[in-house]
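Below, chain A is the first sequence line, B the second, and so on; all start at residue 1.
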Amino acid sequence: MRDYHVTVLSNKQVSNRYWHLIVDSSDLKEAIEPGQFFNIKSTDYQTYYPLLRRPFSIYRIKEDTLEFLYKAEGAGTKQLATYKPGQKISLLGPAGVSYSIPKNCKKILLLARGVGIATLAALAQKADQMNIEIYAILSARNKDDLLATKTIEKYCTKVYCVTEEDKTSDVEHVRRMIHDLIKTHHIDAAYTCGSRRLSMLLQKITKANGITSQVALEEYMACGMGVCYSCVCDIKRQGVMQTVKSCEDGPVFPLEEVIFE
Amino acid sequence: MRDYHVTVLSNKQVSNRYWHLIVDSSDLKEAIEPGQFFNIKSTDYQTYYPLLRRPFSIYRIKEDTLEFLYKAEGAGTKQLATYKPGQKISLLGPAGVSYSIPKNCKKILLLARGVGIATLAALAQKADQMNIEIYAILSARNKDDLLATKTIEKYCTKVYCVTEEDKTSDVEHVRRMIHDLIKTHHIDAAYTCGSRRLSMLLQKITKANGITSQVALEEYMACGMGVCYSCVCDIKRQGVMQTVKSCEDGPVFPLEEVIFE
Amino acid sequence: MKKERKMEVDIGGMKITNPVMPASGAFGEGMDRVIDFNLLGALIPKSITKYPQRGNRTPRACETKGGMINSIGIQSKGIDYYLKETIPYYEQYSIPLISSISAESIDEFVEMSSIIASVTSVAALELNISCPNLKNNGQAFGMSDDITYQLVNRVRKVTDKPILVKLTPNVTDIQSIALAAERAGADSLVVANTPLAMAIDIHTRRPKIGNIMGGLSGPAIKPIIVRQIYQVHEVSQLPIIGCGGIMTADDAIEMMLAGASAVQVGTANFVSPTAMIDIIAGIQTYMEEHQLHRIDELIGGVIVMNQREEDYI
Amino acid sequence: MKKERKMEVDIGGMKITNPVMPASGAFGEGMDRVIDFNLLGALIPKSITKYPQRGNRTPRACETKGGMINSIGIQSKGIDYYLKETIPYYEQYSIPLISSISAESIDEFVEMSSIIASVTSVAALELNISCPNLKNNGQAFGMSDDITYQLVNRVRKVTDKPILVKLTPNVTDIQSIALAAERAGADSLVVANTPLAMAIDIHTRRPKIGNIMGGLSGPAIKPIIVRQIYQVHEVSQLPIIGCGGIMTADDAIEMMLAGASAVQVGTANFVSPTAMIDIIAGIQTYMEEHQLHRIDELIGGVIVMNQREEDYI
Ligand SMILES: Cc1cc2nc3c(=O)[nH]c(=O)nc-3n(C[C@H](O)[C@H](O)[C@H](O)COP(=O)(O)OP(=O)(O)OC[C@H]3O[C@@H](n4cnc5c(N)ncnc54)[C@H](O)[C@@H]3O)c2cc1C
Ligand SMILES: Cc1cc2nc3c(=O)[nH]c(=O)nc-3n(C[C@H](O)[C@H](O)[C@H](O)COP(=O)(O)OP(=O)(O)OC[C@H]3O[C@@H](n4cnc5c(N)ncnc54)[C@H](O)[C@@H]3O)c2cc1C
Ligand SMILES: Cc1cc2nc3c(=O)[nH]c(=O)nc-3n(C[C@H](O)[C@H](O)[C@H](O)COP(=O)(O)O)c2cc1C
Ligand SMILES: Cc1cc2nc3c(=O)[nH]c(=O)nc-3n(C[C@H](O)[C@H](O)[C@H](O)COP(=O)(O)O)c2cc1C
Ligand code: FES
Ligand code: FES
């Protein structure tokens with residue numbers, strides 16, 4: 001982890017609310033793994049607005065580039081959306097724990113909601129390289145928000161999309177989809193990001209079916225370096241309740257450990 | 001005085017440090033006089049940086065446009081320099097007391113230092129319309145800063161430039177120039193802006209020679225509307241010391257009244 | 001068509017048509033050229049002193065990140081001018097006039113209050129017991145609950161008009177000062193004046209304010225003031241007027257949720273002279289969006305869980 | 001070639017090679033991946049409590065204009081873990097380690113101080129008597145000069161190592177608290193912890209911080225802290241460590257001119273983890289530009305005119 005000053009190569013709006021950022025990562029010598037994130041600076045020493053960095057999952061990792069997919073919503077992400085190709089931006093990372101893929105894993109399930117697709121796309125990229133079959137359920141408000149699925153489709157065996165627009169994204173429907181998938185294919189591991197409700201759903205199903213599963217949490221982070229204790233969440237590890245830092249001990253956690261109150 | 005939202009027509013760098021702003025003033029129905037100023041907003045409701053408005057003298061008044069000449073130096077003026085044609089900006093004004101030209105005035109002297117030329121150019125424009133002969137001494141750090149003299153030259157009978165670069169701008173030299181001018185021409189009134197030292201010099205000379213004179217002060221202003229009392233200066237009016245507001249009672253004052261401690 | 005929302009509030013017997021008024025010292029006659037005063041909840045001219053005062057040495061204001069420091073020192077033309085010129089000027093407006101009073105001693109507060117309150121067109125008094133003043137190293141009357149009690153109690157005896165007490169934020173325990181003012185008979189508490197502050201130009205090594213220290217205002221202080229409003233609202237029954245850092249309607253609403261019945265706007269007037277008008281409109285819009293019919297539904301409306309049970313330290 | 005400027009300062013007997021150190025709670029082991037700790041003046045891990053604590057309810061931090069509010073509530077693994085893991089970790093660095101201690105009672109402060117001070121590699125103690133804590137409605141030990149005196153005096157008796165006392169800014173008279181700490185035997189004063197603050201989400205009506213109130217840090221508070229450093233420096237002989245809102249070298253220099261001998265940097269680390277390194281370099285550059293040979297020339301170097309004579313109120 002370091003504070004890298006990298007050059008923006010491209011920063012484009014890819015749908016109504018989503019943006020796609022590509023930076024030059026040729027100076028990054030560290031290994032970067034799916035599930036990890038970077039804390040991107042969105043302020044300057046004049047305005048201090050917004051003051052804190054914003055964490056973003058790695059979306060795609062290539063030889064000399066890093067990609068992020070983000071939803072331009074509040075002050076920080078709107079600021080991010082103003083960055084132009086050629087501009088230097090400050091990226092602190094790679095931070096956090098990455099996804100782990102069990103040995104001899106053949107088939108995995110991804111369950112993404114909204115921009116949670118970003119981090120699961122990175123995982124899909126890696127799993128694909130390992131010749132793993134990938135089944136993905138992508139949930140979003142509307143089809144427009146699913147535009148970014150093209151990337152993930154390349155890596156996946158099968159992608160299912162559900163939306164509010166189509167009235168297909170309710171938990172009950174998703175539950176049935178997952179059950180069907182599990183019945184048809186022997187899923188070795190499942191991964192989720194982007195929704196508390198879907199995470200709770202997956203937690204129950206994977207527990208009942210003895211499937212290894214992981215979740216990438218999105219807690220509010222002030223430092224992203226494990227020093228401030230603002231990003232904590234409660235987990236139960238080997239029977240013991242613990243308050244852990246999601247920036248350092250996470251953001252990826254075994255799904256069964258996470259306590260969703 | 002009102003808070004006008006006007007459109008920038010042009011905003012260009014005219015020399016190393018100076019910028020020239022032209023705005024569409026067709027919505028301004030009030031009379032605007034040389035010596036008055038506008039308080040230009042340089043912040044937004046996100047960053048609040050820099051927080052306060054910045055006061056700028058009127059540089060040129062045309063039928064449907066208003067012009068300002070400013071030195072891009074600190075946060076506010078640098079912000080001003082980012083405004084692009086077509087952008088709406090917020091101008092509070094016109095504010096303050098304007099220059100007064102005595103009846104039957106034939107010849108006037110202008111003594112400007114640095115960007116103090118802006119407000120005196122507006123005065124020159126008006127005096128020229130009144131067929132008054134104008135003699136101007138312009139002082140600046142270097143020739144580059146005098147680039148804006150072209151505007152004033154159009155209105156003046158004669159313009160003298162002095163600079164540090166040429167080692168011609170010392171008070172002693174300027175004193176001799178003013179004395180020569182006064183001897184050669186019958187100067188009815190003198191005006192100055194931009195330098196405390198030159199103002200003090202002109203105060204002495206005009207007093208000794210019984211010449212009406214005015215100065216435009218540049219005190220630090222927080223509100224520019226006469227409500228906060230941050231822009232005060234001391235004057236002696238009819239023998240009585242008074243602390244007056246330069247945004248409302250000024251910025252133009254009879255030179256003999258001003259107390260330069 | 002938009003439905004008009006009820007924005008009236010009652011400040012210790014003084015009814016105002018909306019909860020937005022200027023903060024003393026950051027408002028004045030000059031602004032009548034820019035906004036229509038009759039749209040405001042009330043009018044508060046700059047604090048007045050008994051005798052004419054020249055105020056502090058310049059520079060009197062400077063900017064800081066997210067705020068500004070001022071140390072005007074209450075430049076004032078004295079009470080005679082105020083009675084002869086200022087009050088008559090404000091009489092042309094149909095909304096309540098609140099007179100802010102600043103004095104050097106309790107006796108002087110009583111004397112001035114009694115004179116000014118006797119003017120029919122003055123609706124209420126605001127006692128500025130909180131002006132940070134270098135003469136006493138930033139000390140103010142409002143820093144002691146005893147002095148606050150005595151001062152307000154003495155003023156209470158000379159007038160029946162609503163007394164607003166403007167508290168200083170520069171105290172260890174604002175609740176005890178608030179309660180002292182309440183016990184002494186105050187009708188409303190203004191929370192609060194400015195935190196005492198200082199800035200130094202590192203190149204000239206001089207303080208940026210002629211008076212060395214001054215009051216910090218603007219967005220930077222809002223979180224401190226919101227906390228103090230919340231604390232005062234917890235213990236006091238009096239209507240609170242929130243003041244400090246309000247720039248937008250959202251800021252005003254935040255203070256009302258914390259416990260304020262009305263708000264005062266200062267620095268925002270300098271940034272945008274129409275700020276108060278925009279804030280009134282913004283509160284209207286918020287009330288429509290959130291289907292609030294009366295502004296009272298906002299006051300103290302912050303939702304907090306029972307901390308003692310929930311807190312798991 | 002650039003001439004190295006002497007940046008050493010002496011903090012109550014503890015010599016540090018430069019005046020820049022982290023603020024407790026806004027620094028930790030995780031940062032060793034980003035900066036070289038040996039370049040700092042000193043190391044200060046997060047305040048430690050006697051027993052393990054889970055800290056406060058989330059959300060624990062939120063942004064405000066020019067600042068942030070936090071209410072972590074001192075999540076801590078307790079003193080045993082600290083002795084076994086934290087101190088040994090910091091022993092790998094060659095610069096002084098300062099242990100920040102937070103406790104529930106004076107007795108506990110004394111007990112913890114005595115244990116921690118007895119560890120050879122601990123260079124000094126910082127007593128966090130200023131943590132704004134909801135349990136007591138924001139009350140802290142450091143709000144009373146009596147309690148401050150007793151607390152520091154009792155700790156003084158159990159150790160000869162330098163005692164740094166971190167004051168709270170939430171007081172009426174910081175000078176009297178500073179003097180109480182000085183009389184009780186403190187070696188240095190950290191001015192200051194965070195102003196107590198609050199923010200409310202106007203749409204959900206909930207406090208933005210789970211704990212309702214928290215400490216305000218970042219650029220917004222700097223002018224308040226500079227003022228308090230100046231006030232403490234006026235009355236106290238102790239070296240002051242300025243803390244609150246430092247983002248750049250200019251901010252650090254401003255605090256030193258106001259009277260600080262050293263500075264602590266908190267929030268800036270989150271914005272830019274290299275902030276402390278940049279600040280050290282920036283102070284060097286300033287010293288070169290202003291031809292200062294020793295950093296002492298900066299401390300308390302603000303130029304003020306004699307106010308009593310000059311002030312013309
Ligand atoms: C590990 C991690 C990975 C993430 N990956 C992505 C991603 O790949 N793409 C993406 O679009 N979003 C991602 N997010 C969420 C993203 O960080 C927030 O959307 C962003 O910070 C919002 O900033 P804002 O200024 O636009 O919104 P604000 O107006 O500041 O806030 C909008 C919402 O975002 C939350 N938020 C604000 N700041 C932070 C912060 N520092 N940390 C966490 N949440 C915050 C707020 O609590 C609020 O609910 C991730 C978050 C985490 C913790
Ligand atoms: C009536 C009047 C007319 C002016 N006319 C012109 C003009 O035509 N062209 C021009 O270039 N400049 C003019 N000035 C000066 C101009 O207002 C300042 O240069 C400008 O405000 C500096 O802002 P900044 O943010 O760039 O600098 P900062 O970094 O903020 O400050 C640089 C210097 O400008 C002064 N300054 C900052 N803010 C103000 C303020 N609100 N009021 C007054 N001084 C301030 C500071 O005291 C400091 O000395 C005028 C000033 C006044 C009072
Ligand atoms: C320039 C200026 C002058 C002020 N003068 C006074 C005053 O005379 N009396 C008073 O009670 N408060 C005075 N104040 C404080 C304001 O009334 C208000 O409490 C403070 O500015 C905080 O509100 P704001 O952040 O909205 O500005 C003054 C503030 C400013 C900025
Ligand atoms: C997230 C966070 C946690 C903090 N924890 C502590 C703490 O444990 N002990 C302490 O004395 N101060 C703590 N503080 C206060 C800082 O040490 C410092 O006093 C404050 O942040 C002001 O400095 P800054 O503006 O440079 O951040 C904390 C501050 C922050 C932002
Ligand atoms: S964000 Fe600071 S510890 Fe995780
Ligand atoms: S700038 Fe406010 S009174 Fe002149």
Q: Determine, stepwise, if the pair Val232(B) / Arg54(C) fulfils side chain to side chain contact (heavy atoms under 4.5 Å, CB included).
A: CA-CA 10 Å; Val232(B) 296; Arg54(C) 293 177 58 199; over 6 Å; no
Q) Measuring from Asp3(B):CG to Ile35(C):CD1, what's the distance to the nearest 0.5 Å? A) 11.0 Å
Q) At what distance, to the nearest 0.5 angstrom, does OH of Tyr45(B) lie from CG of Asp278(C)? A) 6.5 Å
Q | Portion of Ser272(C) that has a non-hydrogen atom of chain B nearer than 4.5 angstrom | A | both
Q) Highest number of heavy-atom pairs under 4.5 Å with chain B: which of Gly66(C), Pro273(C), Pro45(C)? A) Pro273(C)
(Q) If you count every heavy atom of other residues, nucleotides or ligands that lies below 6.0 Å from Tyr81(C) atom OH, does the total exceed 12? (A) yes
Q | Among Thr47(B), Thr43(B), Leu51(B), residue most engaged with chain C (heavy-atom pairs, under 4.5 Å) | A | Leu51(B)
(Q) Quick one, Leu92(B) and Val34(C) - any side-chain contact, counting heavy atoms below 4.5 Å? (A) yes
**Q.** Closest approach of Thr58(C) to Ser230(B) (non-hydrogen atoms, all atoms of both residues)
**A.** CG2-O, 4.4 Å
Q) Does the pair Lys245(B)/Glu29(C) count as a salt bridge with the N-to-O cut at 4.0 Å? A) no
Q) Between Tyr229(B) and chain C, which part of the residue has a heavy atom less than 4.5 Å away: side chain, backbone, both or neither? A) both
Q | Nearest atoms (heavy-atom pairs only) where Phe270(C) meets Ala222(B) | A | CB-O, 3.6 Å
Q.
If you count heavy-atom pairs within less than 4.5 Å of chain B, which of Lys65(C), Met68(C), Met31(C), Arg33(C) leads?
A. Arg33(C)
Q: Supply the atom-to-atom distance Phe27(C) CZ to Met225(B) CE, rounded to the nearest 0.5 angstrom.
A: 9.5 Å
(Q) Just so I understand: if I count every heavy-atom pair under 4.5 Å between each of Pro219(C), Ala220(C), Ala26(C), Ala268(C) and chain B, which residue has the most? (A) Pro219(C)
Q: Give, as side chain, backbone, both or neither, the part of Met241(B) having an atom under 4.5 angstrom from any heavy atom of chain C.
A: side chain
Q) How many angstroms lie between CD in Glu63(C) and OH in Tyr49(B), if you round to the nearest 0.5 Å? A) 8.0 Å
Q. Are more than 12 heavy atoms from other residues, nucleotides or ligands located less than 6.0 Å from atom CZ of Arg141(B)?
A. no
**Q.** Atom group of Pro59(C) that falls short of 4.5 Å from chain B, counting heavy atoms
**A.** neither
Q) What are the two closest heavy atoms between Arg53(B) and Val271(C), and how far apart are they? A) NE-O, 2.7 Å
Q: Can you tell which part of Ala61(C) gets under 4.5 Å to a heavy atom of chain B, answering side chain, backbone, both or neither?
A: both
Q. Looking only at heavy atoms, what is the nearest atom pair of Thr243(B) and Gln75(C), with distance?
A. O-NE2, 3.1 Å
